[in-house]
Chemist: 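For reference, the structure I am asking about is given below.
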Amino acid sequence: MGTTLINGQWSDPGGHRDVRNPADGSVVGWVGYGGRAEATAAADAAAAAFPAWADTPARARADILSRAADLIRDRAEQIGPLLAKEAGKRLPEGIGELKFSAEYFQWFAEEARRPAGSVHPNEAGDRRHLSIRRPAGVVASLTPWNFPCSIQARKLAPALAAGCTVVARVSDKAPLAATEMIRCLQDAGLPPGVLNLVHGPAAEVTDAYLAHPAVRVVSFTGSTEVGRSIMAKASERVVRPLLELGGNAPFIVFEDADLDAAVEGAMLAKFRNTGQSCIGANRFLVHADVQQEFAGKLAAAVNAMSLGDGTADPVPDLGPCIDEARVRAVRSLVDEALAAGAKKITKDFALPGAAFAEPAILVDVPAHAGLAREEVFGPAAGIFSFRTEAEALALANSTEMGLAAYFYTRDQSRVWRIAEHLDNGIVGINNALPSVAFAPMGGTKQSGLGREGAAAGLEEFEEVRYLALGV
Ligand SMILES: NC(=O)c1ccc[n+]([C@@H]2O[C@H](COP(=O)([O-])OP(=O)(O)OC[C@H]3O[C@@H](n4cnc5c(N)ncnc54)[C@H](O)[C@@H]3O)[C@@H](O)[C@H]2O)c1
Ligand SMILES: O=C[C@H](O)CS(=O)(=O)O
């Protein structure tokens, strides 16, 4: 059926690149693997398709996106297992990610039909002043492996709704399900060239996209390191950078928190997607008066976890990491903290394979340790204590990242004091899973630029055009 989409045609140019299941190394599938030539052809196709798509009535664009949402939901039980295998996800999380992806296409199908523009107060008798919103142009949509479908969806949906055309590239580590999701969009009736997908070497394909004169916006999700390089490349042609980058979420538990709710939230925020989530809880900051009780409850919950292939029956609590390199990175942070005097309060797990990282909670982690300062991006974390709100905020805001943060308290006045002074783009309050299509999500500081979701997410793909109308 082809895995590369250029100008409405599916093909498999270049060589084949196998995709393996991290749980057992088995081949899950493959993608055709192109390069610069395919990327340039895709951008040419997107450029050629842009004028007609930009002028397509909003209702017509909305109907295609709505049909795409229906197709993704209809095929979720078929694509979900593919996603679970290639990305090492638990099967319910794989199927759930497809359904979450459909929400973006549904929401932006509706948003596409909302008014777009303003009439400005008239201060000159011979003119009327208004502004309209027009699609920005061709968008380069570049995404990581950890949520390969939903993260593409939160770019494709608003870009297409706005009237932009798109050249996409997804991570080589998990390209299969995202390709099938894009197939749903094409099957929903997107005209040729409106959406294009090329698999190939990351820098080669991305550079070719960003060098194309028709590309006006680059929407990238991934590490801060790569995001910086893409922002630099985009600056060469003044391409608008939308960047969703690394995280380092503090998870704060105040002394008045419902501890059982906090532990339940901690388990979700830490171990969802085996901890490989940009908004995952990275550090537990717990008030000294409740630290021992919280730590004991959390350790007990972790110790009860089962590990295994996410497509097994019964479904395990934790799947593998994306690859052995990720396991080594997590283990290195844990081992460094232990060597510096930290103590592990969770049990030793038997690991079912080389791509499985041990779930681990540590206490007495020194402030200089990587576990206290870096994005773990895996199933481990340290618990740190504080005594005052000021200390909690200082600890929470002490890293260069500002994506997500969480806190648990029952004091409504404290909710506002803390929420207004956390330097993060996303704050979960007595809630450990804030992600929705209808709210603006993104980060501060080195976690990125721009927002995805909500009306703000649509505006990122539009240009405001001011009209001074002589009368
Ligand atoms: N803010 C968010 O919404 C969000 C969401 C998911 C992941 N992330 C972040 O992404 C990271 C994990 O994902 P990852 O390992 O795929 O990130 P990554 O930065 O290594 O890769 C992201 C994408 O960029 C590509 N890429 C890699 N090097 C490149 C280069 N030199 N030029 C062009 N493209 C390149 C990759 O193939 C992939 O498709 C973590 O830091 C995580 O926090 C952020
Ligand atoms: O990894 C980051 C993702 O954006 C997490 S979520 O899909 O927004 O929950």
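Every number for a ligand or one of its atoms is a count from 1 in the order of the listing.
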Chemist: For atom 6 (C) of ligand 1, state which one of Leu142, Ile426, Asn146, Ile279 supplies the nearest heavy atom.
Modeler: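 Looking at heavy atoms only, the winner is Asn146.
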Chemist: For Met441, is the nearest heavy atom under 4.0 Å from an atom of ligand 2?
Modeler: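 Flag set, Met441 near ligand 2.
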Chemist: Would you check whether Leu403 reaches within less than 4.0 Å of ligand 1, judged by its heavy atoms?
Modeler: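 Leu403 counts as a contact of ligand 1 under the 4.0 Å cut-off.
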Chemist: With a cut-off of 4.0 Å, which atoms of ligand 1 are near a heavy atom of Thr143?
Modeler: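 Checking each atom against Thr143, I get 23 (C), 38 (C), 39 (O).
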Chemist: Quick one: does Phe220 get within less than 4.0 Å of ligand 1, heavy atoms only?
Modeler: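 Flag set, Phe220 near ligand 1.
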Chemist: Examine the proximity of ligand 2 to Asn146 and report which part, side chain or backbone, both or neither, has a heavy atom under 4.0 Å away.
Modeler: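 Near ligand 2, Asn146 shows its side chain, while the N, CA, C and O stay back.
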Chemist: If we only count N/O pairs under 3.5 Å, is Cys278 in contact with ligand 2?
Modeler: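 It does: an N or O of Cys278 is found under 3.5 Å from an N or O of ligand 2.
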Chemist: Less than 4.0 angstrom from a charged side-chain N to a carboxylate O is my criterion; do Lys344 and Glu358 meet it?
Modeler: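 Yes, Lys344 and Glu358 are salt-bridged.
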Chemist: For atom 5 (C) of ligand 2, which of Ser277, Pro144, Ser150 has the closest heavy atom?
Modeler: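 Nearest option to atom 5 (C) of ligand 2, by heavy atoms: Ser277.
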Chemist: Is Asp70 salt-bridged to Arg67, cutoff N-O under 4.0 Å?
Modeler: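 Result for this pair is no, no salt bridge flagged.
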Chemist: Just heavy atoms, cut-off under 4.0 Å: does Ser435 contact ligand 2 by side chain, backbone, both, or neither?
Modeler: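 Contact part for Ser435 vs ligand 2: side chain (C-beta onward).
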Chemist: Would Lys173 count as being in polar contact with ligand 1, using the rule that some N or O on each side must be under 3.5 angstrom apart?
Modeler: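 Among all N and O atoms of Lys173, none is under 3.5 Å from an N or O of ligand 1.
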Chemist: Take Asn397 and Asp423, measure what side chain to side chain donor-acceptor pair (under 3.5 Å) needs, and give me the verdict at the end.
Modeler: CA-CA 6 Å; Asn397 292 333; Asp423 191 354; over 6 Å; no
Chemist: Do Arg75 and Asp187 meet the salt-bridge criterion of a basic N to acidic O distance under 4.0 Å?
Modeler: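 Answer for the salt bridge query: yes.
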Chemist: Thr221 to ligand 1: N or O pair under 3.5 Å?
Modeler: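 In this structure, Thr221 places no N or O atom under 3.5 Å from an N or O of ligand 1.
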Chemist: Would you call Gly247 a ligand 1 contact, heavy-atom distance under 4.0 Å?
Modeler: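 For ligand 1, residue contact (heavy atoms, under 4.0 Å) with Gly247 is present.
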Chemist: Out of Leu243, Asn273, Val226, who is nearest to atom 28 (N) of ligand 1 when you count heavy atoms only?
Modeler: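 Nearest heavy atom to atom 28 (N) of ligand 1 lies in Val226.
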Chemist: Contact between ligand 1 and Ala203 is defined here as a heavy atom of the residue under 4.0 Å from a ligand atom; is it met?
Modeler: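 The answer is yes, since Ala203 has a heavy atom less than 4.0 Å from ligand 1.
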Chemist: When you measure from atom 9 (C) of ligand 1 to every protein heavy atom, which one gives the shortest distance, and what is it?
Modeler: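 Closest protein heavy atom to atom 9 (C) of ligand 1: Gly222 O, 3.1 Å.
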Chemist: For atom 35 (C) of ligand 1, which candidate among Ala202, Pro201, Gly227, Ser447 provides the closest heavy atom?
Modeler: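 Ranked by closest heavy atom to atom 35 (C) of ligand 1, first place is Ala202.
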Chemist: Between Lys99 and Glu77, does at least one N-O distance fall below 4.0 Å, as a salt bridge requires?
Modeler: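 Salt bridge present between Lys99 and Glu77.
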Chemist: For atom 7 (O) of ligand 2, find the nearest protein heavy atom and state the residue, atom name and distance (0.1 Å precision).
Modeler: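 The protein heavy atom lying closest is Arg154 NH2, 3.0 Å.
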Chemist: Check this for me - ligand 1, Leu245, N or O atoms closer than 3.5 angstrom, yes or no?
Modeler: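 The answer is yes, given that Leu245 and ligand 1 share an N or O pair closer than 3.5 Å.
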Chemist: Check whether any N or O atom of Ser223, backbone or side chain, sits under 3.5 Å from an N or O atom of ligand 1, and answer yes or no.
Modeler: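 Yes.
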Chemist: Ligand 2 versus Arg272, non-hydrogen atoms closer than 4.0 Å: side chain, backbone, both, neither?
Modeler: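 For Arg272, only side-chain atoms sit under 4.0 Å from ligand 2.
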Chemist: One thing to verify: whether Arg331 and Glu336 come together as a salt bridge, which I'm taking to mean a side-chain N less than 4.0 angstrom from a carboxylate O.
Modeler: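 Judged by the 4.0 Å cut-off on N to carboxylate O distance, Glu336 and Arg331 do not form a salt bridge.
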Chemist: Report yes or no: does a heavy atom of Asp172 sit under 4.0 Å from some atom of ligand 1?
Modeler: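 Asp172: no contact with ligand 1 (<4.0 Å).
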Chemist: State if Arg169 counts as touching ligand 1 under the rule of any non-hydrogen atom under 4.0 Å.
Modeler: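 Yes.
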Chemist: Under 3.5 Å, N or O to N or O, is Ser229 touching ligand 1 that way?
Modeler: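 No; every N/O pair is 3.5 Å or more apart.
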Chemist: For Arg216, is the CZ atom crowded, meaning more than 12 foreign heavy atoms sit under 6.0 Å from it?
Modeler: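 Open: at most 12 neighbouring heavy atoms sit under 6.0 Å from CZ of Arg216.
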Chemist: What part of Gln276, side chain, backbone, both or neither, has a heavy atom within less than 4.0 angstrom of ligand 2?
Modeler: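 Neither; nothing of Gln276 gets under 4.0 Å from ligand 2.
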Chemist: Looking at Arg133 and Glu463, is any side-chain nitrogen of the basic one under 4.0 Å from a carboxylate oxygen of the acidic one?
Modeler: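 Result for this pair is no, no salt bridge flagged.
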Chemist: Can you confirm whether some protein heavy atom lies under 4.0 Å from atom 21 (O) of ligand 1, or whether none does?
Modeler: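 Given the 4.0 Å cut-off, atom 21 (O) of ligand 1 does not count as touching protein heavy atoms.
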Chemist: Hey, does the side chain of Ser101 reach the backbone of Ser150 with a donor-acceptor pair shorter than 3.5 angstrom?
Modeler: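 Checked: pair present.
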